[in-house]
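One structure below.
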Amino acid sequence: MASALTGVMTEVIGKLMSLLGEEYTKLTGVQREVNFMKDELSSMNALLQRLAEVDHDLDLQTKEWRRQVLEMSYDIEDCIDDFIHRIGHNGMDDSAGLVHRVVEQLKALRARHQIGSQLQELKARVEDANKRRMRYKLDERAFKSSTTAAIDPRLPSLYAEPDVLVGIDQPRDELVKLLMDGEGASVQQLKVISIVGPGGLGKTTLANEVYRRLEGQFQCRAFVSLSQQPDVKKILRNILTQVSQQEYFNMEMWDEESFINAIREFLKNKRYFVVIDDIWSTQAWKTIKCALYVNNCGSRIMTTTRIVSIAKACCSPHHDHVYEIMPLSTDNSKNLFFKRTFGSKDICPPQLEEVSNEILQKCHGSPLAIVTLATLLANKASSKEEWVRVYSSIGSTLQKDPDVEEMRRILSLSYDDLPHHLKTCLLYLSIFPEDYEIERDQLVKRWIAEGFINMEGGQDLEEIGEKIFNDLINRSMIQPMKINCDGRVASCRVHDMILDLLISKSVEENFASFICGKNKDLLLQGKVRRLSLNYYSQEHAMVPSAVIISHCRSLSVFGYSEQMPPLSKFRVLRVLDIENGEEMEHKYFEHIMRLYHLKYLRLHVRSIPALPERLGELQHLRTLDLGGTKITKLPKSTVQLKNLTCLRVCNLELPKEIGNLCALRELSEININRNCLASYLLGLGSLTELRILRLRWSIVNTNAEYKAIVDNLLSSLRKLGRLNLRTLCIQNYYGHSIDFLLDPRFPTPNLLQKFQMTTNYYFPRIPAWISSLGSLTYLDININPLENEALEILGNLPSLMSLWVSSKAAALKERLVVRSCMFKCLKEFQLTCWRNRVGLMFEVGAMPRLEKLRVPINAGTSIYFGIQNICSLRHLVVEIICGGATVQEVAALEGSIRSTADLLPKRPTLELWTWDEENMVEESMAEEIQTGN
């Protein structure tokens with residue numbers, strides 16, 4: 001597996017072993033050189049793996065040796081890959097002409113001699129690296145325990161004076177309420193509250209303020225902070241000393257069990273309050289928890305951690321609570337910043353207001369970031385130019401400032417705690433610009449292409465990649481953005497301060513290089529392995545001539561510049577991602593077929609009409625994402641891409657031999673129109689690995705081929721539905737009928753999890769196969785008319801979490817009723833049915849897990865619709881249809897909805913929208929309508 005701390009050494013050793021088993025080594029001497037390198041590199045790899053575990057403790061000499069070995073591992077792999085490619089493309093069939101075959105054999109012979117020469121050079125580098133290792137005794141030096149203990153950067157948080165804190169009153173009071181509230185016996189039961197959030201948000205400060213506020217209400221108390229590698233015996237001794245207020249005889253001889261027994265005995269009949277700050281592992285918590293006696297004296301425990309799973313592990317599911325600490329509000333951020341900078345929250349020179357707001361936006365409400373930058377700026381001249389210079393240099397030159405370095409040390413605690421494979425995946429996020437929304441699936445596919453993920457335990461690579469993504473969120477290293485109804489995070493962003501840390505570490509390890517605005521000076525001289533070009537912030541930036549980009553494995557381009565380096569220079573590229581290059585010339589991509597090692601290709605460039613015909617030569621390609629281009633027809637050779645797992649093209653003309661792409665897992669989106677040949681659709685049934693299929697239906701039933709097209713599509717969907725199909729989406733924008741999905745021949749796709757219609761067509765009834773989908777979690781469907789029978793069918797789907805229903809009208813004289821036994825798992829429900837004059841009713845216990853609701857209500861109907869029965873609601877959107885109603889009726893309905901929403905347990909956020917206001921009536925006219933005059 002490729003890694004920022006071990007390079008591609010493991011992969012290189014595997015390829016060397018493969019070479020030993022092939023005919024590539026028949027050339028005299030090559031086998032001996034390969035054997036030597038394999039043995040030497042295996043030994044070095046063992047040391048690299050050990051160094052990765054103690055990365056933050058390494059001295060400069062060891063880090064430099066490691067850097068040189070990592071660079072060497074990349075060069076060796078490039079050499080091997082190039083050789084295998086050149087030899088692998090020289091196979092001749094029997095029909096090849098004699099002259100052509102002789103030429104190809106000569107080329108192969110030349111390639112063999114060239115690799116022999118290159119291996120000699122690489123062998124010399126391996127020998128030199130091993131000699132330096134021995135000469136400097138790196139194995140001994142790397143694992144010597146440090147004799148000086150670092151000062152804990154969290155200490156100032158424990159001694160912050162209350163009058164300098166800002167924005168802490170509300171969360172402190174909320175935590176006090178959570179800790180102390182209760183009725184009857186529950187007040188006396190032991191309760192655990194766990195505070196969770198990223199580094200820098202003030203968890204320790206908040207916990208300390210709660211501790212100060214409540215310390216007089218308990219018989220004994222203790223506040224202890226853990227480290228990443230805690231001395232549990234020392235922690236237990238600290239707890240015992242604090243709660244008992246005394247030292248015991250001969251404590252230095254006690255073991256952990258002795259301390260646990262002594263603490264338990266002391267706390268047995270006492271009301272205690274203990275804070276365990278900054279827990280990094282569940283094992284540390286489990287040990288400490290043994291000492292905290294579970295009594296019925298009203299005792300309380302509070303923990304803090306950066307890791308969500310640990311916060312949950314600290315709490316029991318019945319009486320305890322996980323409290324997520326939130327960033328400071330805009331007003332509190334300003335108050336803290338100005339108070340630390342100018343001594344008063346009400347003072348800010350007018351010329352600094354604009355740049356102050358920009359600095360605070362970068363801090364995103366992090367007290368640590370705000371205090372750090374405020375402390376720095378307090379010592380600077382109060383000139384706009386000086387402040388703009390500081391803001392522009394955040395993340396580059398500022399990291400050398402002692403105040404900013406202190407912030408980096410605190411943030412680095414979370415980074416240092418990561419396993420080295422997670423560090424690599426996190427560092428990779430440094431290539432994206434500030435505030436960029438990173439799609440999970442896009443990121444995981446790039447990780448795979450870079451070789452950061454290994455197959456393990458029978459799971460596929462994308463499942464492992466999603467676990468890594470979720471682990472980074474769990475550890476508060478990345479921030480979730482879009483969250484699906486099933487709780488899966490679909491996209492994330494990186495906090496600017498974390499991004500600055502990642503950029504500096506990427507540069508330090510030569511993991512990635514950057515040309516973008518303030519980071520233009522972070523581009524290293526020498527060989528670049530991953531290059532990120534952000535032309536949004538620096539349109540005319542050029543890659544310096546001294547930089548070697550021929551060894552670059554990943555090229556990410558955001559924006560466009562005429563100074564972009566040509567693709568012909570990137571001969572070992574694995575990942576190519578170009579976004580929003582509106583003005584790029586088509587000829588820029590004419591040499592793309594030379595990128596033989598390419599595994600991931602994403603082009604979101606509107607100006608590209610087509611790709612080169614020889615695209616099929618990119619035999620390693622796994623992802624081809626052309627969703628942001630005008631391309632609708634792929635080169636014929638595309639069907640030769642046997643490793644392709646993801647194909648995204650908007651409005652794609654179906655290739656003739658689509659069935660050859662047997663590794664495809666995602667196909668988006670196929671345009672089925674009058675030019676589509678029915679025979680091509682049979683090939684879809686051969687895509688046995690397909691999980692996601694998106695279709696654009698653009699054909700009318702009067703077409704001569706219509707019946708054959710429907711029959712062949714149903715045949716293919718029948719096969720896919722029995723295999724791996726998880727998502728089926730159908731679009732059309734012209735109302736073309738898709739009633740073939742009502743065909744009784746359409747089988748139940750048993751594994752389907754998502755079905756979506758983006759069309760003006762409405763089913764007259766629920767397709768029969770939908771009622772049997774036990775795994776369906778997301779459904780977007782159009783039905784007309786909408787009846788209670790349809791709601792009954794949908795309400796019985798056992799796994800449904802998100803439901804969007806659109807209808808033209810409800811064919812009822814009585815209300816649509818959502819009964820208590822329906823929609824047991826539903827979390828999101830949106831109904832569009834503006835002609836439903838009879839309305840919607842929620843019975844008691846209906847939709848017990850519903851969190852988001854969007855419904856239309858006619859203002860002229862009864863205002864009672866049972867919204868008070870949805871106790872789990874967190875977000876409510878009501879669209880009020882005003883046509884035919886009076887101003888008074890609309891106002892009464894709005895007031896009723898607001899008052900009802902306020903009484904719900906979760907106090908949901910409320911949005912009220914009004915429609916058809918131009919058709920409202922006067923009060924007198926409404927009375928005439930009611931009386932029939």
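Looking at Trp447, its side chain does come within 3.5 Å of a backbone N or O of Cys425 through a donor-acceptor pair. Proximity of a side-chain donor or acceptor of Arg726 to a complementary backbone N or O of Asn724 within less than 3.5 Å is detected. In terms of modelled atom types and a separation under 3.5 Å, the side chain of Ser430 and the main chain of Leu427 share a donor-acceptor contact. A distance-only check finds a donor-acceptor pair linking the side chain of Arg691 to the backbone of Glu689 [under 3.5 Å]. Looking only at distances, no side-chain donor or acceptor of Ser491 sits under 3.5 Å from a matching main-chain atom of Glu439. Between the side chain of Thr777 and the main chain of Gln753, a donor-acceptor pair closer than 3.5 Å is present.
For the side chain to side chain contact (heavy atoms under 4.5 Å, CB included) test, residues two or more places apart in sequence or in another chain that qualify with Thr424 are Ser3, Ala4, Phe452, Phe511. Under the ring pair (Phe, Tyr, Trp, His ring centres under 6.0 Å) criterion, His736 pairs with Tyr734, not counting sequence neighbours. When the salt bridge (Lys or Arg N to Asp or Glu O under 4.0 Å) test is applied to Arg722, no partner is found at least two apart in sequence or on another chain. For the side chain to side chain contact (heavy atoms under 4.5 Å, CB included) test, residues two or more places apart in sequence or in another chain that qualify with Thr758 are Gln731, Tyr733, Gln756. Here Ser737 pairs with Asp739 under the side-chain hydrogen bond (donor to acceptor under 3.5 Å, both in side chains) rule; sequence neighbours left out. Under the rule for a salt bridge (Lys or Arg N to Asp or Glu O under 4.0 Å), Arg571 has no partner lying at least two apart in sequence or in another chain. Remark: Arg125 engages Asp75 in a salt bridge (Lys or Arg N to Asp or Glu O under 4.0 Å) (not counting sequence neighbours). Considering only residues two or more places apart in sequence or on other chains, Ala678 meets the side chain to side chain contact (heavy atoms under 4.5 Å, CB included) condition with Glu705, Ala708, Ile709, Asn712. Take Leu723 and apply the side chain to side chain contact (heavy atoms under 4.5 Å, CB included) test, not counting sequence neighbours, and it matches Thr688. Every residue meeting the ring pair (Phe, Tyr, Trp, His ring centres under 6.0 Å) condition with Phe432, not counting sequence neighbours, appears here in chain and number order: Tyr436. Legend: residues meeting salt bridge (Lys or Arg N to Asp or Glu O under 4.0 Å) with Asp441, ordered by chain and number and at least two apart, are absent.
Taking all atoms of both residues into account, the shortest heavy-atom contact from Leu472 to Leu422 is CD2-O, 4.1 Å.
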### Task
Dump the intermediate steps for salt bridge (charged side-chain N to carboxylate O under 4.0 Å, His left out) on Asp780 and Lys754, then the final yes or no.
CA-CA 8 Å; Asp780 183 348; Lys754 178 177 181 179; over 6 Å; no

### Task
Would you please test Glu466 and Arg440 for salt bridge (charged side-chain N to carboxylate O under 4.0 Å, His left out) and show each step?
CA-CA 7 Å; Glu466 185 170 348; Arg440 178 200 64 218; 3.7 Å; yes

### Message
Would Lys15 and Glu77 count as a salt bridge (charged side-chain N to carboxylate O under 4.0 Å, His left out) here? Give the steps.
### Response
CA-CA 8 Å; Lys15 289 181 178 180; Glu77 186 181 36; 2.9 Å; yes

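There is no side-chain donor-acceptor pair under 3.5 Å between Asp81 and His597.
Pairs of residues two or more places apart, or lying in two chains, that qualify as salt bridge (Lys or Arg N to Asp or Glu O under 4.0 Å) and include a residue from residues 621-636 are Arg602-Asp625, Asp625-Arg648.
Here the straight-line distance linking atom OG of Ser561 with atom CE of Met542 works out to 8.5 Å at 0.5 Å rounding.
A salt bridge links Glu462 with Lys445: at least one charged nitrogen is closer than 4.0 Å to a carboxylate oxygen.
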